[in-house]
S.K.: 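Before I ask anything, here is the structure I am working with.
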2 protein chains.
Amino acid sequence: MENYLFDFIEQYMPLTEEEKKAIVDLDIIRSFKKGTILVKEGDIIKGGYLVIKGCLRSYCIVDGEEKTTGFYTETVPIVPVFGADDSRAAHFVSCVEDSIVTVGNPDMEKETMEKFPRFEKLCLIISEQLLEKNLASFADFKNSTPEQRYLDLLKNRPGLLQRVPQHQIASYLGIKPQSLSRIRKRVAQNGTV
Amino acid sequence: MENYLFDFIEQYMPLTEEEKKAIVDLDIIRSFKKGTILVKEGDIIKGGYLVIKGCLRSYCIVDGEEKTTGFYTETVPIVPVFGADDSRAAHFVSCVEDSIVTVGNPDMEKETMEKFPRFEKLCLIISEQLLEKNLASFADFKNSTPEQRYLDLLKNRPGLLQRVPQHQIASYLGIKPQSLSRIRKRVAQNGTV
DNA sequence: TTCATTTTTTAACTTAAGTGAATGAACAAA
DNA sequence: TTTGTTCATTCACTTAAGTTAAAAAATGAA
């Protein structure tokens with residue numbers, strides 16, 4: 001099971017056997033049932049999550065409505081926010097499906113960082129990469145219509161629509177469920193897809 | 001002049017005199033004329049910028065049109081993307097006004113990191129904080145109308161509208177200049193502001 | 001299976017952004 | 001000063017999303 005985690009990390013830097021062993025010893029892999037809420041808004045952040053199997057969703061609640069801010073799956077493996085030492089979560093995170101994830105923990109992370117200083121560099125690279133990706137997504141979002149956003153999602157994350165309720169996709173795209181339904185109809189008719 | 005930089009860094013961690021001296025020795029403060037293009041899309045990233053005085057703007061060009069992705073001023077002091085070792089810029093960066101900025105440099109940064117390992121931690125904290133902020137902005141953007149975005153910008157970055165051409169603000173808000181003009185008229189009439 | 005709940009679709013209507021075109025204002029260069 | 005350019009505003013028209021409401025379909029639990 002830890003192999004998923006090794007593969008992920010080794011995209012950025014090779015791991016020594018000693019490091020791998022240390023990671024296994026951390027015992028950070030957990031299973032959660034569909035619907036489990038991993039993080040509540042305002043919680044002290046416990047570290048990052050990495051999805052090994054399943055799907056997590058981050059969202060916030062505005063005027064009683066859930067606004068989905070992200071979906072995290074095997075192919076989009078990394079997660080919400082690492083967070084400074086005592087920062088608080090801005091979003092909820094819940095399981096869209098039964099999921100297996102690695103779960104961070106601040107003490108453990110600190111300890112590991114001290115033992116393997118290379119991991120700090122690793123976190124920096126990952127964080128910068130996430131930032132860069134997010135800036136790019138934001139720019140794309142600004143400069144496209146809801147329909148284009150839907151088509152992009154279909155292209156870039158095929159399968160997500162099969163796994164996630166449509167109204168959650170809609171709020172992720174920044175539109176109402178009715179509009180998404182309309183868009184799907186339009187797209188189907190025009191054979192744009 | 002370096003004091004701006006010290007103040008910025010010391011928001012995150014206190015600096016020793018030795019570190020301060022090392023920073024001064026780096027000699028990384030530069031002035032640029034309004035209109036100067038600091039980064040072109042596709043350039044190898046040279047490191048971060050920090051605005052001491054003036055205003056930078058990041059943008060990309062889609063179908064011949066400039067799409068503004070960010071404004072960086074004294075109050076929003078930090079910048080585009082640090083970038084992995086050989087990553088390339090996704091955006092242009094230019095000076096909206098005559099500006100004084102600190103300019104990174106990869107060799108220098110690497111050297112400084114080695115001499116002062118604490119700086120790696122600093123970069124990690126900054127990067128995570130930027131990521132967090134950006135995730136929050138993105139979520140807000142998704143869940144608000146163009147008019148609300150305009151009002152938010154007016155509230156959160158007063159003065160920006162006086163410093164930057166309106167059509168650049170418009171593309172930053174993800175709308176056309178005509179729409180921004182309409183929104184301003186609407187807002188002025190309804191006394192929403 | 002049945003019933004209740006959630007999710008998705010459809011429709012009529014309202015609202016606001018996009019488009020294309022024209023005008024006026026501000027600004028810089030010759 | 002004149003000229004050309006860029007920028008902001010306005011208008012008429014088109015397009016699509018929001019809103020409200022209702023119905024249909026899918027899902028899950030008793």
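In what follows, chains carry the letters A, B, and so on, assigned in the order in which the sequence lines appear, proteins first and then strands, with residues in each chain numbered from 1. Heavy atoms only: backbone and side chains are in, while hydrogens, waters and symmetry mates are out.
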S.K.: For Pro177(B), run the side chain to side chain contact (heavy atoms under 4.5 Å, CB included) check against Gln166(B), His167(B), Gln168(B), Arg182(B) and tell me which one passes.
M.R.: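 For Pro177(B), the side chain to side chain contact (heavy atoms under 4.5 Å, CB included) check succeeds only for His167(B).
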S.K.: Please determine whether a side-chain nitrogen or oxygen atom of Ser179(A) lies at a distance below 4.0 Å from atom OP1 or OP2 of dG18(D).
M.R.: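 So the side chain of Ser179(A) is within the cut-off, an N or O lying under 4.0 Å from OP1 or OP2 of dG18(D).
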S.K.: What does the inter-axis angle of the helix from dT1(C)-dA30(D) to dA30(C)-dT1(D) come out as, five pairs per end, nearest 10 degrees?
M.R.: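 The two end axes of the helix from dT1(C)-dA30(D) to dA30(C)-dT1(D) meet at 50°.
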S.K.: Tell me whether the side-chain N/O atoms of Gln166(B) come closer than 4.0 Å to OP1 or OP2 in dT6(D).
M.R.: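 Answer no for this pair, as no side-chain N or O of Gln166(B) is under 4.0 Å from OP1 or OP2.
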S.K.: Rounded off to whole Å, could you give me the CG-to-P distance for the Asp63(A) and dG18(D) pair?
M.R.: 15 Å
S.K.: Starting from P on dA16(D), measure out to CD on Glu147(A) and report it in whole angstrom.
M.R.: 7 Å
S.K.: Could you check which of dG20(C), dT9(C), dG18(C) has an atom nearest any side-chain atom of Gln178(B)?
M.R.: dG20(C)
S.K.: In whole angstroms, how far is the C1' atom of dA8(D) from the CD1 atom of Ile175(B)?
M.R.: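 So the CD1-C1' distance, Ile175(B) to dA8(D), works out to 13 Å.
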S.K.: Which is it for Ser58(A) and Phe71(A) under the side chain to side chain contact (heavy atoms under 4.5 Å, CB included) test, yes or no, and what are the steps along the way?
M.R.: CA-CA 7 Å; Ser58(A) 61; Phe71(A) 294 107; over 6 Å; no
S.K.: Tell me the salt bridge (charged side-chain N to carboxylate O under 4.0 Å, His left out) pairs involving residues 153-162 of chain B, sequence neighbours left out?
M.R.: none
S.K.: How do Leu180(B) and Lys34(B) order along DNA chain C: which one's closest nucleotide is nearer the 5' end?
M.R.: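 The answer here is Leu180(B).
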S.K.: Would you mind telling me which of dT10(D), dA11(C), dG18(C) lies closest to the side-chain atoms of Lys185(A)?
M.R.: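 When the side chain of Lys185(A) is considered, dA11(C) is the closest of dT10(D), dA11(C), dG18(C).
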S.K.: Counting heavy atoms from C-beta on, name the nucleotide in dT9(C), dG20(C), dA17(C) closest to the side chain of Ile183(B).
M.R.: dA17(C)
S.K.: Expressed as a whole number of angstroms, how long is the span from Gln189(B):CD to dT10(D):C1'?
M.R.: 12 Å
S.K.: Distance check needed: dG18(C) P versus Lys142(A) NZ, whole Å only.
M.R.: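 It works out to 14 Å between those atoms.
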S.K.: Is any side-chain nitrogen or oxygen of His167(A) closer than 4.0 Å to OP1 or OP2 of dT8(C)?
M.R.: yes
S.K.: Looking at Phe119(A), is Lys121(A) sitting on its ring face, NZ or CZ under 6.0 Å from the six-membered ring centre and within 45 degrees of the normal?
M.R.: no
S.K.: For residues Leu38(B) and Tyr59(B): do they belong to one hydrophobic cluster (side chain heavy atoms under 4.5 Å, members Ile, Leu, Val, Met, Phe, Trp, Tyr)?
M.R.: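 Leu38(B) does not cluster with Tyr59(B).
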S.K.: Lys176(B) has an atom NZ; how far is it from atom P of dA8(D), in whole Å?
M.R.: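 Going from NZ in Lys176(B) over to P in dA8(D) covers 15 Å.
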S.K.: Checking side-chain polar atoms at under 3.5 Å, does Gln129(A) have a donor or acceptor matched by the opposite partner on Tyr12(A)?
M.R.: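 Yes, because at least one side-chain N or O of Gln129(A) sits under 3.5 Å from a partner of the opposite role on Tyr12(A).
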S.K.: Any side-chain N or O of Arg186(B) under 4.0 Å from OP1/OP2 of dA17(C)?
M.R.: yes
S.K.: Once you round it to whole Å, what is the distance between P of dA17(C) and CG of Asn143(A)?
M.R.: 16 Å
S.K.: For the pair made of CZ in Arg184(A) and P in dA17(D), what is the distance, rounded to whole Å?
M.R.: 14 Å
S.K.: Categorize Arg182(B) for me: base, sugar-phosphate, or nothing, with a 4.0 angstrom heavy-atom threshold over every strand shown.
M.R.: base
S.K.: Hey, does the Lys NZ or Arg CZ of Arg149(B) hover above the aromatic six-ring of Phe141(B), less than 6.0 Å from the centre and inside 45° of the axis?
M.R.: yes
